Every structure is written in C-alpha cells, then in structure tokens.
Engineer: 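The structure is given below, and queries will be raised subsequently.
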2 protein chains.
Amino acid sequence: MPDALSLTFSALADPTRRAILARLRDGEASVGQLAEPFLGRMTLPAVTKHLKVLERAGLVTKGRDAQWRPCTLNTAPLRDVDAWMEEYRAHMEASLDRLGDYLKSITTPTRPDPADDHRDR
Amino acid sequence: MPDALSLTFSALADPTRRAILARLRDGEASVGQLAEPFLGRMTLPAVTKHLKVLERAGLVTKGRDAQWRPCTLNTAPLRDVDAWMEEYRAHMEASLDRLGDYLKSITTPTRPDPADDHRDR
DNA sequence: GGCATTGAAAACCTACAGGTTAATTATCCA
DNA sequence: TGGATAATTAACCTGTAGGTTTTCAATGCC
C-alpha cells in the first residue's frame, strides 16, 4: 500500500487522467461524457480504469444518478502536492537564473557557446 | 515516450525518490551518500536505478569527479509541475469552503439520517 | 602493476499498469 | 415484461517498474 502522496503523483502521471481532471474543472460529468474525447484512442473500460485510479487517489468522486455516475473533481490531494512543492520553492527561485540555460539546452541543438565555459567545471 | 510532465510526475511517485530529492536540497551528494539511508531496505543498484529515473525526468544531474558521480538537484521540471498546478489553484481555493463544511459535517453530528441505513461502515 | 573503491550494466524475476474483448449489472422507458 | 443505455467486472495480454545477484569499468593509491 503506497502512501497517499505517491498515489496522487502516480495518478497524475498520465495525460489521459490529467485531461479528465481538466475536463472536470468545468463541472461534473458522467463517465460517458468524460470518455467521449478518448474513444477514438481507447475503449470505455479503459477510461473506467483511469477513473478508478483517480478515485483511489481521491482526486475524483463518483456519485450516482440512475444509471449515470456523475464525477466531480476533488482537489484535496492537490493541496498535499502543493504542500510538498512548498519545500522546493526556495530552491526553485534560487536556481531561476539557470532556467535560461536549461531551456536553451533543450531547444537549441548544442550550439557551442563560449559563454558556457563556466559550467561543467 | 511519455511527455515530460508525465515523466516528472511518475518520477515523483515514489517515496525513495522523493527522499533522494529532499536530501539533494542540502547540497550535492555522491551516489553512495544518497544510497546510505536506504541500504537497509534495498541494494545499491536499486538506488542507481532510482537515480536514473530522476535523471531521465531532469530532476537530477549527475556529474563526475574521479570515481564519484556528484548528483545535484534540478528544479526546472518542478516549475512545470507548478505551472500545471496553477490551473487548479482557483478550484482548490473554491473548494476550501466546502472542506470547512465537510469538516463541520463530520464533527457536528446532524440528526440521524434514515437514508444512511444502507451503509455498512 | 595490483588492489580497493565507486558506480554502472547485464540478466533475471515478480508484480502491476494500461489496454483489449466479452459478459454482467443496474436503470430507465415503451 | 422486455429492450436500450450506462457503466462496471472479468479474463486476458503485453510491457514496464522496481527489485535482486552477479559481473564489469573507471579511478586513486601503494
């Protein structure tokens, strides 16, 4: 049994699930409605499984209305993520100056830059 | 090949890896130093693998100093996480009120509700 | 050169994630 | 009562995650 935070991160580590969460920001939706954008890529049971992962992580709550299961977003686990991130905020800002280097390193195809000499000491 | 954000979330979805990141906030450390707290629970190659996951997600950078690989924390991917979280911040705050209501609802016992009889604790 | 140390790589195992198809349950409606 | 609709469950497949043990490579030191 993994801890809650691992469960949350792992639930967020999938673009389909993040898209489902994004959709739920606009209000509750049934499983079918949530599945609709993905039905070209995957089947309904697959979406049901994704929803179960989100549910187990506490990010989604499934209600019932006749044969429909209206799903709602639950942001409580995201607050835990936020709290975890807080511990890294200072470090993030401290290394903001190196963000430029990072972006350059993944966008420009390794242009030999003499100004980079101080790195890699 | 998953997208960068999924890679990051999935790297964070493990307590060992998060502990490694936490350790790296205090400054760079060799693989052996990073592994030391876990060697009762797992072997060195396991930690090496965890480090590779963190490296692939861009959260850790491995340098070289003789036979040591000094690892440093890289928070750039955490900024992406932060940006993603931003989209949910409004919703988080909005649901803070409902959290209060919820807490009240479970602390102040309301009238026994007959509709709850079907629940099996 | 020979050896200890640091770490990575290879080969392997088990469990689980994410997908499928097909069957099942629950509900509404005519 | 019987069908259509919504969603879950079951059974199965494949790939990968996370661990192990064993072997290999690079480096510093006598």
Side-chain angles (χ1 to χ4, degrees), chain A residues 1-21 23-24 28-72 120-121, chain B residues 1-21 23-24 28-72 115 118:
Chain A
M1 254 186 211
D3 61 295
L5 198 51
S6 297
L7 219 58
T8 303
F9 276 130
S10 135
L12 296 177
D14 182 289
T16 301
R17 290 196 288 266
R18 289 197 305 276
I20 289 175
L21 292 183
R23 164 64 185 78
L24 286 178
E28 79 174 23
S30 70
V31 175
Q33 287 173 325
L34 289 174
E36 188 270 337
F38 310 108
L39 290 185
R41 262 164 290 167
M42 68 188 73
T43 60
L44 196 73
V47 176
T48 297
K49 279 195 181 181
H50 280 302
L51 277 171
K52 193 169 297 183
V53 172
L54 291 169
E55 223 182 339
R56 216 166 89 83
L59 285 160
V60 160
T61 309
K62 231 175 289 186
R64 38 192 335 172
D65 174 12
Q67 63 246 243
W68 294 273
R69 300 297 132 90
C71 301
T72 60
D120 275 351
R121 32 166 180 276
Chain B
M1 38 165 91
D3 60 297
L5 197 51
S6 298
L7 220 59
T8 303
F9 275 131
S10 140
L12 296 177
D14 183 289
T16 301
R17 289 195 289 263
R18 290 198 303 276
I20 290 176
L21 292 183
R23 163 64 184 79
L24 286 177
E28 78 175 22
S30 72
V31 174
Q33 288 173 324
L34 289 174
E36 188 270 336
F38 310 110
L39 290 185
R41 261 164 291 168
M42 69 186 72
T43 61
L44 196 75
V47 176
T48 297
K49 280 198 181 181
H50 280 302
L51 275 171
K52 192 169 296 184
V53 172
L54 291 169
E55 223 183 339
R56 217 166 88 83
L59 285 160
V60 160
T61 308
K62 232 176 287 186
R64 36 191 341 170
D65 175 11
Q67 63 246 237
W68 292 273
R69 301 298 133 91
C71 301
T72 59
H118 65 285

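Bear in mind the structure is a predicted one, so any value in this text is a computation, not a measurement. Every chain is numbered from 1, with letters handed out A, B, ... down the list of sequences.
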Engineer: Which nucleotide in the list D/dT20, D/dG18, C/dA8 gets nearest to the side chain of B/Asp14?
Structural biologist: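 Within the option list, the nearest is D/dG18.
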Engineer: Quick check: closest heavy atoms across A/Trp68 and A/Ser30, and the distance to 0.1 Å?
Structural biologist: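 In this case the closest contact between A/Trp68 and A/Ser30 is CD1-CB, 4.0 Å.
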Engineer: Which atoms form the tightest heavy-atom contact between B/Cys71 and B/Leu24, and what is the distance?
Structural biologist: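 Heavy atoms only, the tightest pair is O-CD2, 3.4 Å.
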Engineer: Where is the tightest heavy-atom contact between A/Arg17 and A/Ser10, given as atom of each residue plus distance?
Structural biologist: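 Closest approach of A/Arg17 to A/Ser10, heavy atoms only: NH2-O, 3.1 Å.
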Engineer: Does B/Arg17 place a side-chain N or O at less than 4.0 Å from the phosphate oxygens OP1/OP2 of D/dG18?
Structural biologist: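 For B/Arg17, the contact criterion (side-chain N or O under 4.0 Å from OP1 or OP2 of D/dG18) is met.
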Engineer: Which of these nucleotides, D/dA6, C/dT20, C/dA8, is closest to any side-chain atom of A/Thr43?
Structural biologist: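 Side chain of A/Thr43 sits closest to C/dT20.
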Engineer: Do any side-chain nitrogens or oxygens of B/Thr48 fall under 4.0 Å of OP1 or OP2 in C/dG7?
Structural biologist: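 So the side-chain polar atoms of B/Thr48 never come under 4.0 Å of the phosphate oxygens OP1 or OP2 of C/dG7.
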Engineer: Take the protein atom CG of B/Leu51 and the nucleotide atom P of C/dA9, then report the distance between them rounded to whole Å.
Structural biologist: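 Between P of C/dA9 and CG of B/Leu51: 12 Å.
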Engineer: Output the single nucleotide from C/dA22, C/dG19, C/dA8 whose closest atom is nearest the side chain of A/Pro45.
Structural biologist: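 It is C/dA22.
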Engineer: Between C/dA26, C/dA8, D/dA26, which nucleotide has the shortest distance from any of its atoms to the side chain of A/Gln67?
Structural biologist: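 For A/Gln67, the side-chain atoms sit closest to C/dA26.
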Engineer: When the distance from CG of A/Leu12 to P of C/dA17 is rounded to whole Å, what number comes out?
Structural biologist: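 From A/Leu12 CG to C/dA17 P: 15 Å.
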Engineer: For A/Phe38 and C/dG18, what is the distance between atoms CZ and P respectively, to the nearest whole Å?
Structural biologist: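 The distance from CZ of A/Phe38 to P of C/dG18 comes to 14 Å, rounded to the nearest Å.
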Engineer: Within a strict 4.5 Å, meaning less than it, do heavy atoms of the A/His50 and A/Phe38 side chains meet?
Structural biologist: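 In short, these two side chains do not touch, never coming nearer than 4.5 Å.
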Engineer: Using whole Å, what does the distance between atom C1' of nucleotide D/dT8 and atom CZ of A/Arg69 come to?
Structural biologist: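 Atom-to-atom, A/Arg69 to D/dT8, this comes out as 8 Å.
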Engineer: Look at the side chain of B/His50 and decide which nucleotide, out of D/dA7, D/dG18, D/dG19, has an atom nearest to it.
Structural biologist: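 Within the option list, the nearest is D/dG19.
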Engineer: For a quick check of understanding: with a heavy-atom distance under 4.0 Å over all strands, which category does B/Ser10 fall into, base, sugar-phosphate or nothing?
Structural biologist: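 The residue B/Ser10 makes no contact with any strand.
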Engineer: Yes or no on side chain to side chain contact (heavy atoms under 4.5 Å, CB included) for B/Leu59 and B/Val53, after CA distance, side-chain angles and deciding distance?
Structural biologist: CA-CA 9 Å; B/Leu59 285 160; B/Val53 172; over 6 Å; no
Engineer: In whole Å, what is the span from the CG atom of B/Leu54 to the C1' atom of D/dG18?
Structural biologist: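 Distance, rounded to whole Å: 13 Å.
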Engineer: Which atoms form the tightest heavy-atom contact between B/Ala46 and B/Met42, and what is the distance?
Structural biologist: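 Residues B/Ala46 and B/Met42, closest heavy atoms: CB-SD, 3.9 Å.
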Engineer: Closer than 4.0 Å, any side-chain N/O of B/Lys62 to the OP1 or OP2 of C/dA8?
Structural biologist: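 Answer yes for this pair, as a side-chain N or O of B/Lys62 is under 4.0 Å from OP1 or OP2.
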Engineer: Calculate the interatomic distance between B/Asp65 atom CG and C/dA8 atom P; express it in whole Å.
Structural biologist: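 Atom-to-atom, B/Asp65 to C/dA8, this comes out as 14 Å.
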Engineer: Tell me the interatomic distance from B/Ile20, atom CD1, to D/dG18, atom P, rounded to whole angstroms.
Structural biologist: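 These atoms are roughly 11 Å apart.
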Engineer: When we call it a touch if two heavy atoms are under 4.0 Å apart, what does B/Ala46 touch: a base, just sugar-phosphate, or nothing?
Structural biologist: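 Answer is base: heavy atoms of B/Ala46 come under 4.0 Å of a base.
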Engineer: Provide, to the nearest angstrom, the distance between the NZ atom belonging to B/Lys49 and the C1' atom belonging to C/dG7.
Structural biologist: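 Atom NZ in B/Lys49 sits about 15 Å away from atom C1' in C/dG7.
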Engineer: Does A/Thr16 reach a base, just sugar-phosphate, or nothing at all? Heavy atoms under 4.0 Å.
Structural biologist: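 Nothing, no nucleic acid heavy atom in range.
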Engineer: If the cut-off is 4.0 Å, is B/Lys52 near the phosphate of C/dA9, judged by side-chain N/O to OP1 or OP2?
Structural biologist: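 Checking B/Lys52 against C/dA9: at least one side-chain N or O falls below 4.0 Å of OP1 or OP2.
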Engineer: If you assign each of A/Leu44 and A/Ala66 to its closest nucleotide in DNA chain C, which residue comes earlier from the 5' end?
Structural biologist: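 Of the two residues, A/Leu44 wins.
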